[in-house]
**Q** 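Below is a structure I'd like to ask you about.
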Amino acid sequence: MKKVIATDKAPAAIGPYSQAIEVNGFVFISGQLPVNPATGDFPDGDIKEQTAQSFQNIKAILAEAGLTTDNIVKTTVFLSDIAYFGGMNEVYATQFTGTFPARSAFAVKDLPKGAMVEIEVIASR
Ligand SMILES: CC(=[NH2+])C(=O)[O-]
């Protein structure tokens, strides 16, 4: 059975999707833009600050589901410029305590709201 995970500690959806859906012990978190839910804005700074904010949002949704980054099994990272790859990796690497999840990373033409990064996650209970 599908269960919607929702929290006001992460940004509300900006389109027709849920923040996260749980099914059969897996939590699928929609791509998280680096939007601060308190201000509705991106953080000041560069790809490092934006990556950190996307992870803050992911962690808030994981917490709502009773999970942590240790439960993440797969991520997908979308960058609006491959030049951001190094800075994203620096911050990304600090988000995990044990082994890193599987991951795919891409540069795409554009991201919603002009973001530098969007990160989606699959976690396992
Ligand atoms: C931002 C996002 N996850 C979407 O699908 O538009």
Side-chain angles (χ1 to χ4, degrees):
M1 193 165 80
K2 282 198 305 187
K3 180 183 171 198
V4 174
I5 313 281
T7 176
D8 60 9
K9 297 187 174 70
I14 58 165
Y17 60 91
S18 298
Q19 287 176 325
I21 295 286
E22 178 162 5
V23 64
N24 294 339
F26 288 97
V27 176
F28 297 82
I29 299 182
S30 295
Q32 290 303 301
L33 295 169
V35 172
N36 179 328
T39 64
D41 294 328
F42 295 149
D44 290 336
D46 60 13
I47 184 61
K48 294 184 190 175
E49 284 74 25
Q50 290 210 6
T51 302
Q53 182 66 55
S54 286
F55 266 103
Q56 217 166 296
N57 299 339
I58 288 164
K59 287 176 184 172
I61 296 169
L62 287 169
E64 185 65 29
L67 303 177
T68 71
T69 56
D70 289 344
N71 294 96
I72 296 176
V73 294
K74 172 72 169 63
T75 70
T76 308
V77 179
F78 304 94
L79 300 166
S80 60
D81 189 325
I82 202 64
Y84 300 148
F85 190 69
M88 176 277 294
N89 274 333
E90 260 185 59
V91 174
Y92 184 102
T94 66
Q95 305 300 317
F96 301 94
T97 52
T99 52
F100 294 122
R103 187 184 88 177
S104 305
F106 305 92
V108 296
K109 184 174 175 294
D110 284 310
L111 288 168
K113 292 176 160 265
M116 295 176 182
V117 64
E118 177 177 332
I119 303 172
E120 68 177 27
V121 160
I122 302 171
S124 171
R125 196 168 282 287

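Numbers for residues simply follow the sequence, beginning at 1. Counting starts at 1 for both ligands and their atoms, in listed order.
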**Q** Return the closest protein heavy atom for atom 6 (O) of ligand 1 as residue, atom name and distance.
**A** Tyr17 CE2, 3.4 Å

**Q** Which bit of Glu118 is near ligand 1, meaning a heavy atom under 4.0 Å away: side chain, backbone, both or neither?
**A** side chain

**Q** Classify the side-chain pair Asp110/Ser80 by whether it contains a donor and acceptor separated by less than 3.5 Å.
**A** no

**Q** Please confirm whether the backbone N or O of Ala60 pairs with a side-chain atom of Glu64, one donor and one acceptor, at under 3.5 Å?
**A** no

**Q** Are Glu22 and Arg125 within salt-bridge range, i.e. N to O under 4.0 Å?
**A** yes

**Q** Give the atoms of ligand 1, by number and element, whose distance to some non-hydrogen atom of Leu33 is under 4.0 Å.
**A** 1 (C)

**Q** Distance only, no hydrogens: is a donor on one side chain within 3.5 Å (strictly under) of an acceptor on the other, for Thr51 and Tyr84?
**A** no

**Q** In ligand 1, which numbered atoms sit nearer than 4.0 Å to a non-hydrogen atom of Gly31?
**A** 1 (C), 2 (C), 3 (N)

